[in-house]
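So you know, we letter chains A, B, ... as the sequences are listed, proteins then strands, and number each from 1.
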There are 2 protein chains.
Amino acid sequence: MNRFVLDKESILQAAENAIRRYGPCKTNLTDIAKALSVSHAAIYRYYADKADLLEAVTERWLARTFRSLDPIMRENARPEEKLRHYLQELCRTKRACAATDPEMFENYAVLSEGSSRALKEHLHHILNQMESIIQQGIHSKAFIDQDPRQLAISVFIATSRFHHPAFASEWQNPDIENRLDAVLNLILSGMEIRN
Amino acid sequence: MNRFVLDKESILQAAENAIRRYGPCKTNLTDIAKALSVSHAAIYRYYADKADLLEAVTERWLARTFRSLDPIMRENARPEEKLRHYLQELCRTKRACAATDPEMFENYAVLSEGSSRALKEHLHHILNQMESIIQQGIHSKAFIDQDPRQLAISVFIATSRFHHPAFASEWQNPDIENRLDAVLNLILSGMEIRN
DNA sequence: CAAAGTACATATTCTATCATTTGTAACTTT
DNA sequence: AAAGTTACAAATGATAGAATATGTACTTTG
């Protein structure tokens with residue numbers, strides 16, 4: 001018998017499968033429960049409600065998907081190159097998700113319209129990492145001496161077109177990577193101390 | 001009798017009134033025709049179809065609304081200040097429309113999701129004006145010597161968050177103007193030749 | 001014959017009703 | 001008592017038939 005122990009993790013996996021199969025809009029608790037061979041009510045023992053479950057699914061997905069940013073933090077490159085790599089990788093990852101994992105990306109896009117705790121935390125995490133790189137750059141006299149948090153926010157905003165899901169339809173343009181590089185050149189040379 | 005001569009202009013005005021009254025989604029040709037005391041079929045003598053009429057309405061609205069940019073082009077300021085003013089005014093105008101003329105703004109936002117000739121031309125017009133300011137800056141050795149068109153596009157993209165309708169909901173934040181200034185500082189100092 | 005109206009086919013949108021989904025509480029089983 | 005099921009009320013979503021809107025061809029009017 002393929003009898004699971006029903007737990008948070010198996011519910012998360014079933015939910016993710018359902019989202020991939022039916023898309024985020026058509027996914028319902030009944031189908032998720034059916035896949036686990038339990039009644040839908042059983043899920044309420046583990047998650048307060050549907051929104052809570054979807055938050056958890058997205059949180060797990062975000063952590064997995066943007067792990068590729070962590071090695072960049074450990075790179076031994078000049079801060080300006082590190083920040084460039086970081087944003088290139090952030091945007092590349094978003095593009096890759098939109099193209100190869102469209103349902104999970106849509107799930108994320110839908111959630112990003114509302115106000116989700118998981119997404120706020122993810123944004124904070126991204127800004128923290130950028131701030132840390134900028135901090136290094138300020139210490140090594142590579143970047144102008146301004147509030148690194150504010151700089152991180154400005155850089156994040158200025159590159160929105162390349163990582164915000166509202167613009168996902170533009171990301172198919174083969175020129176998109178060049179466009180990002182052009183914007184990064186402008187921003188980075190605005191931050192650098194020239195000599 | 002309030003008998004009009006039915007012409008393109010009076011139809012445009014009636015259409016704009018209808019959009020303001022009912023919103024772009026609920027506006028239909030029958031109501032527009034009713035307001036003009038003609039049958040809806042009469043409109044087809046002047047506009048090929050509904051999309052054609054709405055294009056024309058938007059074109060007229062865009063021309064009227066963004067006239068405030070023209071005086072800036074004639075300003076006798078340093079190119080870096082001129083470009084700053086231009087983008088501040090562009091974004092300020094968008095914010096003002098979103099707040100005080102929500103139906104016409106929504107009409108514009110809806111159109112901007114599709115591919116409208118009027119909007120493409122408007123974008124070209126904006127980019128042309130920005131390019132011209134940048135051109136001046138390059139000649140006066142205030143800006144780095146790069147393709148002014150590409151620079152204009154980069155500046156436009158980097159400020160999307162402040163003028164693209166997808167972000168209109170963020171424009172209520174009282175901090176929005178400071179955020180724009182921070183991004184403009186970054187971009188402009190990236191373009192300027194420092195000494 | 002130019003300009004608008006009428007009549008009509010097709011496409012779209014509304015609306016009323018029905019089915020599903022969500023969330024809760026009381027019940028069963030081990 | 002822990003882990004699940006069953007049964008149900010309220011919210012949400014699907015559906016089909018009615019109503020309205022769009023676009024075209026033909027008719028009327030000055």
Exercise. What pairs with B:Asp49 under side chain to side chain donor-acceptor pair (under 3.5 Å), at least two apart in sequence or on another chain?
Worked result: none
For this session: Name all pairs fulfilling the salt bridge (charged side-chain N to carboxylate O under 4.0 Å, His left out) condition that reach into residues 151-171 of chain A, sequence neighbours left out, sorted by first residue then second.
Result: A:Arg161-A:Glu170
For this session: List in chain and number order the residues that pass side chain to side chain donor-acceptor pair (under 3.5 Å) with B:Asn173, two or more places apart in sequence or in another chain; answer none if no residue qualifies.
Result: none
For this session: Enumerate the residue pairs fulfilling salt bridge (charged side-chain N to carboxylate O under 4.0 Å, His left out) with a member in residues 109-118 of chain A, sequence neighbours excluded, ordered by first and then second residue.
Result: A:Glu55-A:Arg117, A:Glu59-A:Arg117, A:Arg117-A:Glu121
Problem set entry | Residue mapping more 5' on DNA chain D - nearest nucleotide basis, B:Lys34 or A:Ser39 | A:Ser39
Problem set entry | Sequence-distant partners of A:His40, ring-ring contact (aromatic ring centres under 6.0 Å, His included), two or more places apart | none
For this session: Give me the ring orientation class for B:Tyr108 and B:Trp61: parallel if the planes are under 30° apart, tilted from 30 to 60°, perpendicular past 60°.
Result: tilted
Exercise. What's the CG-C1' distance between B:Leu6 and C:dA3, to the nearest Å?
Worked result: 9 Å
Exercise. Does A:Asp70 have any side chain to side chain donor-acceptor pair (under 3.5 Å) partners at least two apart in sequence or in another chain, and if so, which?
Worked result: A:Gln129
Seminar exercise, completed: So salt bridge (charged side-chain N to carboxylate O under 4.0 Å, His left out) across residues 15-26 of chain A, not counting sequence neighbours, yields A:Glu16-A:Arg20, A:Glu16-A:Arg60, A:Glu16-A:Arg64, A:Arg20-A:Asp101
For this session: For A:Lys8 and D:dA3, give me the distance from atom NZ to atom P, rounded to whole Å.
Result: 13 Å
Exercise. Tell me, which pairs form a salt bridge (charged side-chain N to carboxylate O under 4.0 Å, His left out) where one or both residues lie in residues 147-157 of chain A, sequence neighbours left out?
Worked result: A:Glu131-A:Arg149
Exercise. Taking CD1 from A:Ile11 and P from D:dA3, how many angstroms apart are they, rounded to a whole number?
Worked result: 12 Å
Pairs under 3.5 angstrom, nitrogen or oxygen only, protein versus nucleotides 18-20 of chain C, please.
none

Exercise. Is it the case that A:Thr93 and A:Glu89 place a side-chain donor and acceptor less than 3.5 Å from each other?
Worked result: yes
Exercise. In residues 40-55 of chain B, what residues come within less than 4.0 Å of DNA chain D, judged by heavy atoms?
Worked result: B:His40, B:Ala41, B:Tyr44, B:Asp49, B:Lys50
Problem set entry | Set of side chain to side chain donor-acceptor pair (under 3.5 Å) partners for B:Arg74, sequence neighbours left out | none
Review item, nucleotides 11-18 of chain D N/O atoms under 3.5 Å of protein N/O:
{"unit_1": "D:dA14", "atom_1": "OP1", "unit_2": "A:Lys26", "atom_2": "NZ", "d": "3.2"}

Problem set entry | Rounded interatomic separation in angstrom, taking CG from B:Leu36 and C1' from C:dG5 | 15 Å
